[in-house]
Amino acid sequence: MDNCLTALIFCVLMLGAVVEARVVTVSRGPLIRVAGQPVSVHCEVTEYGGPREQDFEWMRSSGDSVDRTKIISTFDPSFSHASLSPRVASGDLSLSRTSDNQVELKISEVRLEDAGIYWCQTPSTDSVISGNYEAKVQVIVISNTLKVSPVAPPPVVPEGSDITLSCNVTRELSQPTYLSVNWAVKKKGAAATEDILTFGPQGDAIAGPKYTQRYADGGLRLVPGRNGLFELVMSRVTNEDQGIYQCTGAEWTHESGGTWMKIMESVKEMGTVAVTPTGQSLSVSASSPSSPLLSPGNTLTLLCSVAADNLPSLAVEVGWLADGRDLLTMDRSGVVVLSNVSSTSGATGAQGGRGEASLERTAAGDYRLRVRGVSLEDGGLYTCRVRAFIQREGRRAGGGERWHMATEKTSSPVTVKVAEIKPSLSVALESLQQPHMMSQPTELACHVTNITHLPVGGRLGVTWEHTTLPAVGDDPQSSHPIGSLDAHGNLLPGDMYSDRLKSGLMSLSRVEPNTFKLHFLRTKDIDMGQYVCTVSAWTVNSQGVMLKAAEYKSTPQTVRWATKLPSLSVVAKPLREASVGGATFEMSCSLALENLGEAGFSVLVQSQESEESSVRTIMSLSPDNVLQHGGATDPNRRDSLVLSKSGPSEFLFRLAGVQLSDRGFYWCDITAWTKQQAGQTWTKATSAESNKVKIHFTENGPSFSLAIQSDASSVYPWETAKMECSLSVSGTAPRSGTTQSDELAYEVRWFFTRLRGGESTSQVASVDRFGVVRKDARNSSSDLSIERQDTHTYTLSIHGTQDSDGGEYYCIATPWYLSSSTGAWTQAGELMSSRVFLTIRFAVWGSLRLPLLYGVAASIGVGIFSLVLGLVCAQCCCRNPTHTPRSRNKLMDLEMD
């Protein structure tokens with residue numbers, strides 16, 4: 001056992017010795033550095049034993065020489081060689097611990113004599129010597145031969161031109177090092193510079209974050225030259241490219257492991273570049289080489305001169321405007337585009353009513369506008385508008401070129417006048433037909449006389465205008481155009497009169513070459529006011545286009561009549577009076593109307609039991625003869641009601657088989673309606689009520705009484721409670737040949753007020769006079785049933801009563817009897833019974849009986865189970881074991897002992 005334990009301990013120690021093999025590593029070399037630059041060399045130890053924090057020693061040798069010069073140590077301040085102690089003291093040589101097992105040797109300014117092999121050693125703290133305790137790396141120090149020589153760019157460049165940024169970067173090649181060049185700019189107000197482009201050291205070009213898209217679109221181009229010359233061309237600069245440009249050259253080394261190390265860098269300022277905006281140098285001028293005063297049919301010529309510092313780099317869009325309206329535009333590709341105005345002079349014309357216009361480029365920056373066959377419409381102020389565009393590199397997502405509008409300028413206006421003789425004429429407005437009331441026709445005539453200077457082919461047009469009178473219409477004293485007839489006879493209706501002109505209720509016409517008429521078929525109140533006709537003279541220009549030469553307005557003509565409000569009177573008289581039940585009642589309503597033309601009428605037949613009672617609508621008849629029954633009409637009696645138009649101004653109402661409930665006052669409410677034309681909605685004009693006609697007769701019907709009783713005032717839960725509603729009748733005897741049950745019927749409803757939960761009363765059940773039973777929703781699990789014992793007795797049963805059924809109950813009955821005079825069913829007044837109180841008792845013994853029985857049974861069961869369990873345990877666990885007799889053979893006993 002001891003031998004096995006010793007072998008196990010030995011195996012564990014050997015395994016620990018194998019695992020803990022010390023490993024010391026340094027930066028992978030060789031390390032090429034430039035004299036005067038900082039150098040750092042890392043050293044790390046792993047898989048070691050002993051304390052966590054390890055100590056390090058640095059030494060240097062020339063090549064693989066055995067002689068080593070001590071540099072610095074982490075634990076011995078006097079470790080450094082005498083020749084290096086001043087540099088250690090000044091901090092030029094220092095040791096920085098980055099972790100317990102890592103240190104970094106730093107040289108602030110490396111010297112040429114610092115080149116050599118650097119050794120990193122770690123004193124042993126391991127229990128067993130294993131692994132390596134030192135590592136080396138070669139450091140090569142070269143002289144600083146990097147030179148950066150930039151070429152100053154032009155201080156001021158026009159917008160849209162190109163800038164070439166030249167920078168010369170060289171070095172003397174003694175070791176395998178590489179070069180890179182970087183261009184950057186510091187813009188006004190910016191805290192830091194922005195990288196434009198970096199080239200090298202691997203031969204690739206990387207654009208700055210803000211210049212990536214521009215480089216991809218070709219706006220930045222790198223042109224490597226010979227002998228270290230690098231040029232960056234920035235195309236089509238804008239104001240955003242202003243700033244101080246600088247060039248940075250760097251020297252790199254490619255160390256083991258594939259990493260690039262910058263060992264030297266030089267930054268040189270190239271100069272400040274300012275971009276002149278195109279708007280500062282762009283100038284636009286318009287001139288007229290011919291006389292600005294032209295005669296009709298002459299040719300107008302205007303010149304537009306455009307000048308700019310960077311004109312060859314710009315794409316120019318030139319447009320001519322006449323009185324602020326676009327006339328012609330030549331886009332930046334040289335295509336002439338007409339203005340977005342209706343034109344009747346063909347594809348080359350500028351706009352309707354003007355001469356034929358053309359635009360052409362005669363030289364660089366010179367554009368000429370010509371308008372042939374000028375007319376009066378061609379006079380005005382002409383300006384030349386120029387828009388300068390600068391093209392961006394690349395294309396849009398849709399494939400189009402990227403253009404940036406740099407500026408827009410407009411020249412001073414040039415005044416052009418066209419002398420033309422206007423036609424002369426006289427206009428007179430005459431009223432041919434004056435209305436005296438609403439709905440009568442109106443006709444006005446506009447006469448043109450003394451026409452002079454109207455050339456051959458000239459035509460006349462007319463425009464009608466209406467001005468409302470004060471306090472008439474929604475907008476007093478406002479003018480509205482009615483419509484016009486142009487030189488070709490086309491009708492152009494105004495917005496407010498468009499529907500009336502299209503439907504024929506109004507018309508504009510030319511009855512003679514010099515006479516125009518305005519006609520209203522039915523005049524409205526809003527048509528009153530002042531009317532004016534304006535006659536326009538049209539001439540034909542050299543291109544055959546009709547031009548408006550002159551306009552002449554007539555004196556106003558007033559259309560007005562004495563306004564009288566329409567009045568309506570209605571008289572009702574009985575044609576057949578109902579003196580007994582079952583008779584037929586007829587009433588006629590005659591109306592008289594004044595100050596209103598054609599109209600439609602709506603009729604309401606209304607009734608009232610007494611002067612103080614509410615008004616009921618029996619029937620109604622609309623202006624379109626649509627008959628409707630009111631809400632007070634019994635659906636079963638609608639065949640007995642008639643409302644019709646019996647004459648031009650008379651209406652007839654008939655009620656057959658009158659009953660006691662029909663007694664009261666009857667009258668007609670008539671409203672007059674008008675509409676301007678077919679298809680429009682009716683407009684209310686006036687209304688009036690007739691006198692009242694009374695239906696009165698007496699009938700002695702039976703009288704009724706109602707009583708309620710309950711079989712028990714208190715019941716236990718789940719029992720059945722019964723309440724009986726009994727009605728008694730006295731008075732008129734049944735008709736001969738019928739029994740009392742055939743001519744009597746009842747509607748019975750039961751109501752309940754809860755004992756607990758509030759004083760609100762709710763209906764619980766009902767039976768109508770046809771025997772249909774309805775139960776209302778209740779908050780109880782009990783059930784209800786209604787039983788008709790005989791003609792006058794109804795029983796309500798509550799099955800399975802609950803505590804929530806306790807409270808007051810009463811019933812309401814509505815008798816219906818068959819009238820002996822009319823032979824119709826008649827409704828008597830409602831009867832309400834007294835109230836009965838139902839109490840739900842609480843059964844104490846019934847609620848506690850089952851729980852007590854369950855408890856006694858459970859107690860007896862537990863006791864019996866305890867007795868049985870005790871007997872079983874006594875028999876099985878407490879019984880004495882069988883006694884074994886002692887052997888009589890003492891010798892055998894001793895031997896066993």
Side-chain angles (χ1 to χ4, degrees), residues 294-298 300 322-323 325 341-357 371-380 417-432 443-466 479-495 497-498 501-502 504 506-520 531-557:
L294 303 173
S295 298
N298 291 348
L300 171 64
D323 293 331
R325 296 173 298 175
V341 183
S342 61
S343 176
T344 59
S345 59
T348 59
Q351 51 183 306
R354 294 184 177 270
E356 181 182 355
V371 182
R372 298 176 180 85
V374 296
S375 62
L376 185 63
E377 295 292 329
D378 293 313
K417 296 181 180 179
V418 180
E420 188 172 359
I421 300 175
K422 294 183 179 180
S424 178
L425 48 87
S426 299
V427 180
L429 185 59
E430 178 187 4
S431 176
L432 300 181
E443 190 173 40
L444 301 175
C446 184
H447 300 287
V448 183
T449 59
N450 301 327
I451 302 175
T452 60
H453 303 297
L454 185 65
V456 178
R459 298 182 182 180
L460 298 178
V462 67
T463 300
W464 292 90
E465 189 175 358
H466 171 236
S479 296
H480 305 284
I482 299 174
S484 63
L485 293 174
D486 62 9
H488 300 282
N490 299 317
L491 175 62
L492 305 175
D495 294 337
Y497 296 88
S498 178
L501 286 170
K502 292 178 181 178
M506 291 178 58
S507 64
L508 298 178
S509 60
R510 180 175 182 171
V511 293
E512 294 180 6
N514 61 339
T515 302
F516 302 91
K517 282 188 178 181
L518 169 64
H519 183 76
F520 289 88
Y531 288 83
V532 173
C533 69
T534 302
V535 178
S536 57
W538 295 75
T539 60
V540 183
N541 67 358
S542 59
Q543 284 77 36
V545 179
M546 299 297 298
L547 304 178
K548 185 186 293 184
E551 283 186 349
Y552 295 90
K553 184 178 292 187
S554 71
T555 57
Q557 179 70 33

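It should be emphasised that the depicted structure is a prediction, and the values quoted were computed from it without experimental measurement. All residue numbers in this chain count up from 1 along the given sequence.
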**Item:** All side-chain contact (heavy atoms from CB on, under 4.5 Å) counterparts of Lys502, not counting sequence neighbours
**Value:** Ser498

**Prompt:** Can a donor-acceptor pair be found between the side chains of Tyr497 and His466 at a distance below 3.5 Å?
**Reply:** yes

**Asked** Which atoms form the tightest heavy-atom contact between Ser426 and Asn450, and what is the distance?
**Response** OG-ND2, 3.5 Å

**Request:** Go through the structure and list residues passing side chain to side chain donor-acceptor pair (under 3.5 Å) with Lys548, not counting sequence neighbours.
**Result:** Glu551

**Message:** Less than 4.5 Å apart, side chain to side chain, heavy atoms only: is that true for Arg459 and His488?
**Reply:** yes

**Any residue meeting side chain to side chain donor-acceptor pair (under 3.5 Å) with Asn490, in chain and number order, not counting sequence neighbours** = Asp486

**Item:** Counterpart residues, side chain to side chain donor-acceptor pair (under 3.5 Å), relative to Ser536 (two or more places apart)
**Value:** Trp538

**Item:** With sequence neighbours excluded, residues passing side-chain contact (heavy atoms from CB on, under 4.5 Å) with Pro556
**Value:** Gln530, Val532

**Message:** Does any part of the side chain of Tyr531, heavy atoms only, come nearer than 4.5 Å to the side chain of Glu465, both counted from C-beta?
**Reply:** no

**Prompt:** Got a sec, which residues hit side chain to side chain donor-acceptor pair (under 3.5 Å) with Asn298, two or more places apart in sequence or on another chain?
**Reply:** none

**Prompt:** What is the minimum heavy-atom distance between Ser509 and Leu485, and which atoms define it?
**Reply:** C-CD1, 4.0 Å

**Item:** Min side-chain heavy-atom separation Val462-Thr534 under 4.5 Å
**Value:** no

**Close side-chain approach of Gln557 to Leu444, heavy-atom, < 4.5 Å** = yes

**Request:** Grab the two heavy atoms, one from Asp378 and one from Val418, that are nearest each other, plus how far apart they are.
**Result:** C-CG2, 4.3 Å

**Message:** Is it the case that the side chain of Ser554 and the backbone of Cys533 share a donor-acceptor pair, with hydrogens and angles ignored and the cut-off at 3.5 Å?
**Reply:** yes

**Request:** Provide the closest heavy-atom pair for Ala550 versus Pro423 in the form atom of the first, atom of the second, distance.
**Result:** CB-O, 3.9 Å

**Request:** Could you list the residues that satisfy side-chain contact (heavy atoms from CB on, under 4.5 Å) with Ile451, not counting sequence neighbours?
**Result:** Leu425, Val448, Leu454, Leu460

**For the student: nearest non-hydrogen atoms of Thr463 and Ser484, plus distance** = OG1-CB, 3.4 Å

**Item:** Nearest non-hydrogen partners of Gly379 and Asp323, listed with the distance
**Value:** O-OD2, 3.6 Å

**Request:** Kindly compute the distance separating SG (Cys446) from CH2 (Trp464), expressed to the nearest 0.5 Å.
**Result:** 5.0 Å

**Pairing residues for Glu443 by the side-chain contact (heavy atoms from CB on, under 4.5 Å) criterion, not counting sequence neighbours** = Leu432, Gln433, Lys517, His519

